[in-house]
Amino acid sequence: MMRSLMVSLLVLMLGACSSTTEVIKSPARIQAELAHRNALLAIRDGRIESAEYEWRSALLAYQAIDDWSGQGMARLGLAQIQLRLGQAEAAEQVLAPMLEIKVFPAVQRSQAALQMAQLILAADSPDWSRAKSYLTQARAECAQPCPIGTQILNVSAKIALREGDLPAASVAALQGLALAQTNRAEMAFSQRILAEVSLKQSDFATAVVWLDQAIVLDRQSAEPLWLLDDYRLLLEIAKQSGDLALRRRADVHLSALCAAMACTP
(Lines give C-alpha, C1' and ligand atoms only; values in the text may rest on other atoms or scores of the structure.)
Protein backbone atom coordinates (compact mmCIF):
# COMPACT_ATOMS: atom_id res chain seq x y z
CA MET A 1 0.00 0.00 0.00
CA MET A 2 2.81 2.41 0.92
CA ARG A 3 4.72 1.57 -2.28
CA SER A 4 1.59 2.18 -4.39
CA LEU A 5 1.08 5.54 -2.71
CA MET A 6 4.66 6.57 -3.37
CA VAL A 7 4.42 5.53 -7.03
CA SER A 8 1.21 7.55 -7.35
CA LEU A 9 2.88 10.59 -5.79
CA LEU A 10 5.86 10.21 -8.15
CA VAL A 11 3.57 10.05 -11.18
CA LEU A 12 1.78 13.19 -9.98
CA MET A 13 5.11 15.00 -9.49
CA LEU A 14 6.35 14.00 -12.95
CA GLY A 15 3.06 15.05 -14.43
CA ALA A 16 3.31 18.42 -12.72
CA CYS A 17 6.84 18.90 -14.04
CA SER A 18 5.83 18.00 -17.57
CA SER A 19 3.02 20.52 -17.48
CA THR A 20 5.40 23.44 -16.97
CA THR A 21 7.42 25.17 -19.70
CA GLU A 22 10.74 24.70 -17.89
CA VAL A 23 13.33 22.96 -20.05
CA ILE A 24 15.44 20.45 -18.13
CA LYS A 25 19.02 20.56 -19.44
CA SER A 26 20.93 17.38 -20.07
CA PRO A 27 24.18 16.73 -18.18
CA ALA A 28 26.07 17.18 -21.48
CA ARG A 29 24.47 20.59 -22.05
CA ILE A 30 25.27 21.64 -18.48
CA GLN A 31 28.89 20.54 -18.94
CA ALA A 32 29.25 22.59 -22.15
CA GLU A 33 27.74 25.73 -20.65
CA LEU A 34 29.80 25.36 -17.48
CA ALA A 35 33.05 25.18 -19.44
CA HIS A 36 31.91 28.18 -21.50
CA ARG A 37 31.17 30.18 -18.35
CA ASN A 38 34.46 29.14 -16.76
CA ALA A 39 36.35 30.35 -19.85
CA LEU A 40 34.72 33.77 -19.62
CA LEU A 41 35.48 33.98 -15.89
CA ALA A 42 39.11 33.02 -16.52
CA ILE A 43 39.42 35.79 -19.11
CA ARG A 44 37.87 38.28 -16.71
CA ASP A 45 40.34 37.25 -14.01
CA GLY A 46 43.35 37.33 -16.35
CA ARG A 47 43.95 33.56 -16.16
CA ILE A 48 44.82 33.15 -19.83
CA GLU A 49 46.12 29.57 -19.73
CA SER A 50 43.02 28.48 -17.79
CA ALA A 51 40.84 30.21 -20.37
CA GLU A 52 42.51 28.23 -23.14
CA TYR A 53 41.82 24.96 -21.31
CA GLU A 54 38.18 25.88 -20.63
CA TRP A 55 37.55 26.93 -24.25
CA ARG A 56 38.94 23.60 -25.44
CA SER A 57 36.67 21.80 -22.99
CA ALA A 58 33.69 23.86 -24.13
CA LEU A 59 34.42 23.12 -27.78
CA LEU A 60 34.53 19.37 -27.20
CA ALA A 61 31.39 19.51 -25.08
CA TYR A 62 29.46 21.49 -27.72
CA GLN A 63 30.65 19.07 -30.40
CA ALA A 64 29.28 16.18 -28.35
CA ILE A 65 25.76 17.66 -28.44
CA ASP A 66 25.91 18.87 -32.08
CA ASP A 67 25.60 22.53 -31.04
CA TRP A 68 27.25 24.46 -33.88
CA SER A 69 26.54 27.89 -32.47
CA GLY A 70 28.21 26.84 -29.21
CA GLN A 71 31.14 25.38 -31.15
CA GLY A 72 31.51 28.65 -33.02
CA MET A 73 31.62 30.69 -29.82
CA ALA A 74 34.19 28.31 -28.35
CA ARG A 75 36.37 28.43 -31.48
CA LEU A 76 36.31 32.23 -31.59
CA GLY A 77 37.17 32.44 -27.89
CA LEU A 78 39.93 29.84 -28.14
CA ALA A 79 41.50 31.53 -31.19
CA GLN A 80 41.58 34.89 -29.39
CA ILE A 81 43.39 33.33 -26.44
CA GLN A 82 45.84 31.48 -28.69
CA LEU A 83 46.69 34.72 -30.52
CA ARG A 84 47.35 36.36 -27.18
CA LEU A 85 49.64 33.46 -26.24
CA GLY A 86 51.54 33.81 -29.52
CA GLN A 87 50.07 30.62 -31.01
CA ALA A 88 49.05 32.11 -34.36
CA GLU A 89 49.26 28.87 -36.34
CA ALA A 90 47.08 27.03 -33.82
CA ALA A 91 44.57 29.88 -33.91
CA GLU A 92 44.33 29.65 -37.71
CA GLN A 93 43.64 25.92 -37.47
CA VAL A 94 40.86 26.56 -34.96
CA LEU A 95 39.22 29.23 -37.13
CA ALA A 96 39.64 27.59 -40.56
CA PRO A 97 36.66 25.17 -40.27
CA MET A 98 34.34 28.10 -39.55
CA LEU A 99 35.14 29.57 -42.98
CA GLU A 100 34.75 26.24 -44.76
CA ILE A 101 31.62 24.75 -43.16
CA LYS A 102 28.40 26.70 -43.67
CA VAL A 103 26.59 25.25 -40.62
CA PHE A 104 28.13 27.92 -38.38
CA PRO A 105 25.95 31.05 -37.98
CA ALA A 106 26.79 33.81 -40.49
CA VAL A 107 27.68 36.32 -37.76
CA GLN A 108 30.22 33.85 -36.36
CA ARG A 109 31.71 33.19 -39.81
CA SER A 110 32.07 36.97 -40.18
CA GLN A 111 33.87 37.17 -36.84
CA ALA A 112 36.12 34.26 -37.82
CA ALA A 113 37.10 36.00 -41.07
CA LEU A 114 37.87 39.18 -39.14
CA GLN A 115 40.02 37.27 -36.65
CA MET A 116 41.89 35.61 -39.53
CA ALA A 117 42.70 39.07 -40.90
CA GLN A 118 43.90 40.12 -37.45
CA LEU A 119 46.08 37.00 -37.23
CA ILE A 120 47.75 37.88 -40.52
CA LEU A 121 48.37 41.46 -39.39
CA ALA A 122 50.09 40.16 -36.26
CA ALA A 123 52.65 38.24 -38.35
CA ASP A 124 56.19 39.53 -38.86
CA SER A 125 55.68 39.71 -42.63
CA PRO A 126 51.92 40.16 -43.19
CA ASP A 127 50.30 39.03 -46.45
CA TRP A 128 48.25 42.17 -47.07
CA SER A 129 46.34 40.67 -49.99
CA ARG A 130 45.23 37.69 -47.91
CA ALA A 131 44.28 39.93 -44.99
CA LYS A 132 42.13 42.11 -47.26
CA SER A 133 40.49 39.01 -48.71
CA TYR A 134 39.42 37.87 -45.23
CA LEU A 135 38.21 41.36 -44.44
CA THR A 136 36.05 41.34 -47.58
CA GLN A 137 34.61 38.00 -46.46
CA ALA A 138 33.92 39.43 -43.00
CA ARG A 139 31.91 42.27 -44.53
CA ALA A 140 30.01 39.94 -46.86
CA GLU A 141 29.04 37.50 -44.09
CA CYS A 142 27.94 40.16 -41.61
CA ALA A 143 24.23 41.06 -41.63
CA GLN A 144 23.20 44.70 -41.39
CA PRO A 145 23.49 46.42 -39.04
CA CYS A 146 26.78 44.60 -38.64
CA PRO A 147 27.67 44.04 -34.95
CA ILE A 148 31.38 44.02 -35.75
CA GLY A 149 31.30 46.90 -38.22
CA THR A 150 33.61 49.03 -36.08
CA GLN A 151 36.21 46.27 -35.83
CA ILE A 152 36.11 45.71 -39.60
CA LEU A 153 36.64 49.43 -40.22
CA ASN A 154 39.53 49.61 -37.77
CA VAL A 155 41.30 46.59 -39.25
CA SER A 156 40.74 48.08 -42.71
CA ALA A 157 42.30 51.34 -41.45
CA LYS A 158 45.30 49.45 -40.09
CA ILE A 159 45.87 47.66 -43.41
CA ALA A 160 45.61 50.96 -45.32
CA LEU A 161 48.07 52.55 -42.88
CA ARG A 162 50.60 49.75 -43.32
CA GLU A 163 50.26 50.00 -47.10
CA GLY A 164 50.90 53.74 -46.94
CA ASP A 165 47.42 54.83 -48.02
CA LEU A 166 47.02 57.53 -45.38
CA PRO A 167 43.77 59.08 -46.71
CA ALA A 168 42.04 55.67 -46.72
CA ALA A 169 43.39 54.87 -43.25
CA SER A 170 42.13 58.20 -41.89
CA VAL A 171 38.66 57.82 -43.45
CA ALA A 172 38.21 54.26 -42.16
CA ALA A 173 39.45 55.16 -38.66
CA LEU A 174 37.15 58.18 -38.45
CA GLN A 175 34.20 56.03 -39.57
CA GLY A 176 35.16 53.42 -36.99
CA LEU A 177 35.38 56.07 -34.29
CA ALA A 178 31.92 57.39 -35.15
CA LEU A 179 30.44 53.88 -35.18
CA ALA A 180 32.14 52.76 -31.95
CA GLN A 181 29.97 55.05 -29.76
CA THR A 182 30.55 53.63 -26.26
CA ASN A 183 32.98 50.82 -27.19
CA ARG A 184 36.11 52.10 -25.42
CA ALA A 185 38.46 49.51 -26.91
CA GLU A 186 37.48 50.24 -30.50
CA MET A 187 37.37 54.01 -29.94
CA ALA A 188 40.95 53.84 -28.65
CA PHE A 189 41.95 51.66 -31.61
CA SER A 190 40.57 54.28 -34.04
CA GLN A 191 42.28 57.11 -32.20
CA ARG A 192 45.62 55.29 -32.17
CA ILE A 193 45.38 54.77 -35.96
CA LEU A 194 44.62 58.48 -36.39
CA ALA A 195 47.65 59.29 -34.23
CA GLU A 196 49.81 57.13 -36.48
CA VAL A 197 48.43 58.81 -39.60
CA SER A 198 49.25 62.22 -38.11
CA LEU A 199 52.74 61.04 -37.20
CA LYS A 200 53.42 59.90 -40.77
CA GLN A 201 52.24 63.32 -41.93
CA SER A 202 54.68 64.91 -39.42
CA ASP A 203 51.75 66.57 -37.65
CA PHE A 204 53.17 65.80 -34.22
CA ALA A 205 50.80 67.97 -32.18
CA THR A 206 47.72 66.32 -33.67
CA ALA A 207 49.29 62.89 -33.19
CA VAL A 208 49.70 63.55 -29.47
CA VAL A 209 46.11 64.81 -29.15
CA TRP A 210 44.71 61.64 -30.73
CA LEU A 211 47.02 59.38 -28.73
CA ASP A 212 46.25 61.06 -25.41
CA GLN A 213 42.56 60.35 -26.01
CA ALA A 214 43.37 56.70 -26.71
CA ILE A 215 45.48 56.47 -23.54
CA VAL A 216 42.60 57.75 -21.39
CA LEU A 217 40.31 55.03 -22.77
CA ASP A 218 42.93 52.27 -22.54
CA ARG A 219 43.57 53.16 -18.91
CA GLN A 220 39.86 52.72 -18.28
CA SER A 221 39.96 49.35 -20.05
CA ALA A 222 43.07 48.48 -17.98
CA GLU A 223 44.62 46.36 -20.73
CA PRO A 224 48.43 46.34 -20.32
CA LEU A 225 49.25 45.39 -23.92
CA TRP A 226 47.19 48.26 -25.32
CA LEU A 227 48.87 50.73 -22.99
CA LEU A 228 52.26 49.36 -24.02
CA ASP A 229 51.38 50.03 -27.68
CA ASP A 230 50.22 53.53 -26.76
CA TYR A 231 53.37 54.56 -24.96
CA ARG A 232 55.65 52.99 -27.56
CA LEU A 233 53.88 55.13 -30.15
CA LEU A 234 54.25 58.14 -27.87
CA LEU A 235 57.98 57.45 -27.66
CA GLU A 236 58.18 57.30 -31.46
CA ILE A 237 56.37 60.64 -31.74
CA ALA A 238 58.83 62.12 -29.24
CA LYS A 239 61.83 60.79 -31.17
CA GLN A 240 60.64 62.07 -34.54
CA SER A 241 59.58 65.45 -33.19
CA GLY A 242 62.65 65.89 -31.00
CA ASP A 243 60.43 66.69 -28.01
CA LEU A 244 62.56 65.86 -24.94
CA ALA A 245 59.77 66.45 -22.43
CA LEU A 246 57.49 64.09 -24.35
CA ARG A 247 60.26 61.52 -24.48
CA ARG A 248 60.77 61.70 -20.71
CA ARG A 249 57.03 61.22 -20.24
CA ALA A 250 57.00 58.17 -22.53
CA ASP A 251 60.09 56.70 -20.83
CA VAL A 252 58.53 56.97 -17.36
CA HIS A 253 55.40 55.10 -18.39
CA LEU A 254 57.20 52.49 -20.46
CA SER A 255 59.66 51.77 -17.64
CA ALA A 256 56.80 51.21 -15.19
CA LEU A 257 54.85 49.03 -17.62
CA CYS A 258 57.82 46.88 -18.57
CA ALA A 259 58.86 46.45 -14.95
CA ALA A 260 55.46 44.82 -14.44
CA MET A 261 55.32 42.95 -17.76
CA ALA A 262 58.97 41.90 -18.09
CA CYS A 263 59.28 43.55 -21.50
CA THR A 264 61.65 45.89 -23.29
CA PRO A 265 60.44 49.49 -23.61
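Quick note: numbers below take in every heavy atom, side chains included, and nothing from hydrogens, waters or symmetry partners.
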Cluster link [X] to [Y], ILVMFWY, side chain under 4.5 Å:
{"X": "L194", "Y": "L121", "answer": "no"}
{"X": "I65", "Y": "M98", "answer": "no"}
{"X": "W226", "Y": "V216", "answer": "no"}
{"X": "L114", "Y": "I120", "answer": "no"}
{"X": "L76", "Y": "V103", "answer": "yes"}

Please determine whether side-chain contact (heavy atoms from CB on, under 4.5 Å) holds for the pair Y134 and L119, giving the CA-CA distance in whole Å, both sets of side-chain angles, and the decisive distance to 0.1 Å.
CA-CA 10 Å; Y134 280 124; L119 279 171; over 6 Å; no
With sequence neighbours excluded, residues passing side-chain hydrogen bond (donor to acceptor under 3.5 Å, both in side chains) with D229
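Result, side-chain hydrogen bond (donor to acceptor under 3.5 Å, both in side chains) vs D229: none returned.
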Go through the steps to decide whether Q201 and V197 satisfy the test side-chain contact (heavy atoms from CB on, under 4.5 Å), and finish with yes or no.
CA-CA 6 Å; Q201 294 171 332; V197 169; 3.9 Å; yes
Minimum-distance pair of heavy atoms, taken over all atoms of [X] and [Y]:
{"X": "S190", "Y": "G176", "value": "OG-C, 3.6 Å"}
{"X": "W68", "Y": "P105", "value": "O-CD, 4.4 Å"}
{"X": "V107", "Y": "P147", "value": "CG2-CG, 3.7 Å"}
{"X": "A91", "Y": "Q82", "value": "CA-OE1, 3.2 Å"}
{"X": "A214", "Y": "A188", "value": "CB-O, 3.6 Å"}
{"X": "Q71", "Y": "F104", "value": "CB-CE2, 4.0 Å"}

Determine whether [X] and [Y] make a side-chain contact, defined as any pair of heavy atoms from C-beta on separated by less than 4.5 Å.
{"X": "F189", "Y": "T150", "value": "no"}
{"X": "L78", "Y": "Y53", "value": "no"}
{"X": "E223", "Y": "D218", "value": "no"}
{"X": "C142", "Y": "I148", "value": "yes"}
{"X": "D67", "Y": "R29", "value": "yes"}
{"X": "C258", "Y": "T264", "value": "no"}
{"X": "E52", "Y": "W55", "value": "no"}
{"X": "L85", "Y": "E49", "value": "yes"}

Expected output: side-chain [X] to main-chain [Y] donor-acceptor under 3.5 Å:
{"X": "R232", "Y": "P265", "value": "yes"}
{"X": "N154", "Y": "E186", "value": "yes"}
{"X": "D45", "Y": "R47", "value": "no"}

From [X] [atom1] over to [Y] [atom2], what is the distance, rounded to the nearest 0.5 angstrom?
{"X": "M187", "Y": "L179", "atom1": "CE", "atom2": "CG", "answer": "11.5 Å"}
{"X": "L41", "Y": "L34", "atom1": "CG", "atom2": "CG", "answer": "9.5 Å"}
{"X": "L95", "Y": "Q115", "atom1": "CG", "atom2": "CD", "answer": "5.5 Å"}
{"X": "R247", "Y": "K239", "atom1": "CZ", "atom2": "NZ", "answer": "5.0 Å"}
{"X": "M73", "Y": "L40", "atom1": "CE", "atom2": "CG", "answer": "9.0 Å"}
{"X": "L59", "Y": "E54", "atom1": "CG", "atom2": "CD", "answer": "13.0 Å"}

Is the count of non-hydrogen atoms from other residues, nucleotides or ligands lying under 6.0 Å from E89 atom CD greater than 12?
no
Report, as yes or no, whether the 6.0 Å neighbourhood of atom CD on E92 holds more than 12 heavy atoms from other residues, nucleotides or ligands.
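Count over threshold, so yes.
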Throw together a table of side-chain donor-acceptor distances under 3.5 angstrom for residues 159-169, partners on residues two or more places apart or in other chains.
from	atom 1	to	atom 2	distance (Å)
R162	NH1	E196	OE1	3.2
E163	OE1	K132	NZ	3.3
E163	OE2	K132	NZ	3.2
D165	OD1	A168	N	3.3

Among Q108, R109, Q111, which one satisfies side chain to side chain donor-acceptor pair (under 3.5 Å) with E141?
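That would be R109.
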Running the 4.5 Å side-chain criterion over Ile, Leu, Val, Met, Phe, Trp and Tyr, what cluster does I215 land in, apart from itself?
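The other cluster members (ILVMFWY side chains, heavy atoms under 4.5 Å, direct or chained) are L199, F204, V208, L211, L225, L227, L228, Y231, L233, L234, L235, I237, L246, L254, L257, M261.
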Quick one, S156 with R139, criterion side-chain contact (heavy atoms from CB on, under 4.5 Å). Give me CA distance, side-chain angles, the key distance, then yes/no.
CA-CA 11 Å; S156 177; R139 287 194 187 95; 3.4 Å; yes
Between R249 and D243, is the salt bridge (charged side-chain N to carboxylate O under 4.0 Å, His left out) condition met? List the steps.
CA-CA 10 Å; R249 175 189 162 198; D243 189 327; over 6 Å; no
